[in-house]
Amino acid sequence: MTDERITPAQLDAALEAELEAGRIPLMRCEACGAAFWHPRAHCPGCGARRVAFFAPSGPARVYAATVNRRPRGGDRDAAPVQVGYVEFPEGVRMLVTLGFPDGAPRIGAEVAPEAGGPGEPRLVFRPVAGD
Amino acid sequence: MSARSAVAGIVGAYEHPERRIPEGTVADIIADVSLGALADAGLGIEDVDGFFFAGVHQGLSLVAMADHLGLDRLTHVDSTDVGGASVVSQIGHAAEAIAAGSCRVALVAMGGRPLQAAARPPGGAEAGARYQQDVDLSQIAGYALVAQRHMYEHGTTREQLAQVKVAASLHAQHNPRARLPYAVTLEEVLDSPLISDPLRRLDCCVTTDGGGAVVVAARDVVEQSGRRAAWVRGWSESLRTMSGGRLDLMRNGADRTGPAAFARAGIGPDDVDYASLYDSFTITVLLALENLGFCEPGASGPLVESGELLAARSRLPVNTDGGGLCNNHPDRRGGMARTLEAVRQIRGDAHPEVQVADCDHAVVHGTGHSLATNASAATLVLGREAS
Ligand SMILES: [Zn+2]
């Protein structure tokens with residue numbers, strides 16, 4: 001997709017493939033080099049149409065986190081959901097589902113994506129050992 | 001930008017007295033508040049040539065609403081919708097339209113009945129649908145992210161957040177129309193159910209039916225009316241979006257709109273006697289205080305703890321009607337309700353227990369959509385004198 005624009009259908013298919021493979025859906029502009037999130041078929045920095053998914057250059061750390069005890073539109077009986085922003089070395093922050101085993105996500109902790117378990121989203125960012 | 005004399009003033013204002021409205025339609029509410037504001041201005045439907053209304057989110061277009069009201073002489077219309085800050089933006093637009101000669105009597109109205117809706121409003125997927133599919137971010141969870149980050153960066157405490165609610169409630173006890181017209185203690189806030197860490201139920205604004213309207217009029221119309229006006233001295237609007245992932249959760253857009261609005265008005269934060277700050281959640285107020293320049297970044301927690309928001313003892317009373325946290329939040333949008341209390345303060349019409357003596361300058365700041373993702377910001381500076 002280097003020299004031609006990505007169509008919305010192609011973008012959706014590529015995003016599905018990224019998530020199914022357990023990869024982080026970060027995108028980068030092949031014209032200006034800016035990394036960005038959320039996924040879209042053009043660069044929000046320069047407007048170029050040549051954009052592609054790429055792997056970040058280093059680990060993600062938690063920038064903000066919360067435990068939502070009324071998820072799914074306010075359901076009191078649903079299990080709490082951990083959500084937050086993680087930050088990549090490129091300076092981009094991404095809204096994700098977190099999965100801290102102790103139920104207490106921590107700002108600053110290093111996290112890595114794993115395939116979500118039953119009832120979880122496809123991608124869950126869990127703390128790496130020692131963090 | 002050099003300050004100049006205001007060319008437009010808010011000369012009529014009306015707040016729907018009810019907080020639960022089982023009868024009628026949204027259009028009926030908006031007719032009630034529009035006629036109320038026009039009567040307050042000593043004007044009639046036939047005088048209105050500018051109409052500012054955002055209702056498409058409710059299935060009510062500006063065109064249909066103009067027909068319902070009987071607005072037959074319009075020369076300027078504006079349905080700007082930036083969420084909860086819409087009305088604050090629209091009042092700025094009305095002042096611009098009047099300055100440009102596009103209209104002379106602008107009606108700005110809103111209303112809604114969220115308590116009567118069978119289902120919750122749909123989430124705002126829209127352009128961001130591709131990121132939301134795997135993240136369950138409710139409105140309160142989003143603001144909880146902002147609160148957690150504020151506590152992490154600045155050492156803000158849970159108690160300091162709670163003091164925002166306590167201050168609002170101490171004002172609301174003087175407002176018999178308030179949804180929660182009584183004082184709330186620090187302990188009651190801290191003991192209320194935890195919804196999304198660290199935010200608890202009493203960190204949230206109330207949900208109410210209701211609405212309100214203001215009439216913004218050209219200087220000669222104001223002077224002929226003989227009514228006291230809240231002059232529109234300064235205004236500014238902006239958006240703080242996710243910026244491709246480069247968003248800063250400690251910014252709410254007022255870092256742009258505050259300086260711009262103050263420059264237009266020719267005053268600074270220290271000249272402000274009263275502030276209506278959008279308070280969808282307690283954390284929303286802390287960010288507004290910092291970004292508007294009422295304190296340094298990170299200093300809002302200690303400021304609130306010192307009682308700075310309170311009418312009885314403060315240099316800068318905030319939300320003296322009880323705000324969205326205790327008074328009302330009609331249509332889940334606080335911009336109009338917060339504006340109306342600022343107009344009361346400027347005109348000397350606030351409750352005697354909370355009226356600011358010699359209120360020369362008031363600020364209204366609206367925060368729409370979500371501070372966690374895409375936020376709108378709109379700031380007004382209102383004055384007792386035109387210059
Ligand atoms: Zn680019």
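By convention in this document, chain letters (A, B, ...) are assigned in the order of the sequence lines, proteins followed by strands, and residues within each chain are numbered from 1. All values derive from a computational prediction rather than experimental measurement.
The shortest non-hydrogen separation linking Gln148(B) to Ala65(A) is CG-O, 3.0 Å. Heavy atoms only, all atoms of each residue included: Gly244(B) and Pro44(A) are closest at CA-CG, 4.2 Å. Across all non-hydrogen atoms, the minimal contact from Ala141(B) to Val83(A) is CB-CG2, 4.4 Å. Here the closest non-hydrogen pair linking Asp248(B) and Tyr63(A) is OD1-OH, 3.6 Å.
Counted within 6.0 Å of CZ on Arg72(A), heavy atoms from surrounding residues, nucleotides or ligands total 12 or fewer; the atom is thus considered open. Within 6.0 Å of CD on Glu159(B) lie more than 12 heavy atoms contributed by other residues, nucleotides or ligands. When the shell of 6.0 Å around CZ of Arg179(B) is examined, it contains 12 or fewer heavy atoms from other residues, nucleotides or ligands.
In terms of heavy-atom pairs under 4.5 Å with chain B, the best-connected choice from Pro80(A), Ala104(A), Ala35(A), Gly116(A) is Ala35(A).
One finds the OG1 atom of Thr66(A) at 6.0 Å from the CG atom of Leu145(B) (value rounded to the nearest 0.5 Å). With rounding to the nearest 0.5 Å, the separation of CD1 in Ile195(B) from CZ in Arg69(A) is 10.0 Å. Atoms CE and CG, on Met242(B) and Leu95(A) in that order, are 7.5 Å from each other to the nearest 0.5 Å. Considering CD1 of Ile140(B) and CG of Asn68(A), their distance stands at 7.5 Å, rounded to 0.5 Å.
Looking at Val67(A), both its backbone and its side chain come within 4.5 Å of chain B, counting heavy atoms on both sides. Neither the backbone nor the side chain of Phe88(A) comes within contact range of chain B, judged by heavy atoms closer than 4.5 Å. Only the side chain of Arg76(A) comes within contact range of chain B, judged by heavy atoms closer than 4.5 Å.
In this structure a side-chain-to-backbone donor-acceptor pair under 3.5 Å is missing from Arg70(A) to Ser196(B). Although no hydrogens or angles enter the test, the distance criterion places no donor-acceptor pair under 3.5 Å between the side chain of Arg246(B) and the main chain of Arg93(A). Under the 3.5 Å distance criterion, the side-chain polar atoms of Tyr85(A) are matched with a main-chain donor or acceptor of Ala372(B).
Between Tyr152(B) and Val62(A), the closest side-chain pair of non-hydrogen atoms is not below 4.5 Å. The closest side-chain heavy-atom distance from Thr97(A) to Asp136(B) is not below 4.5 Å.
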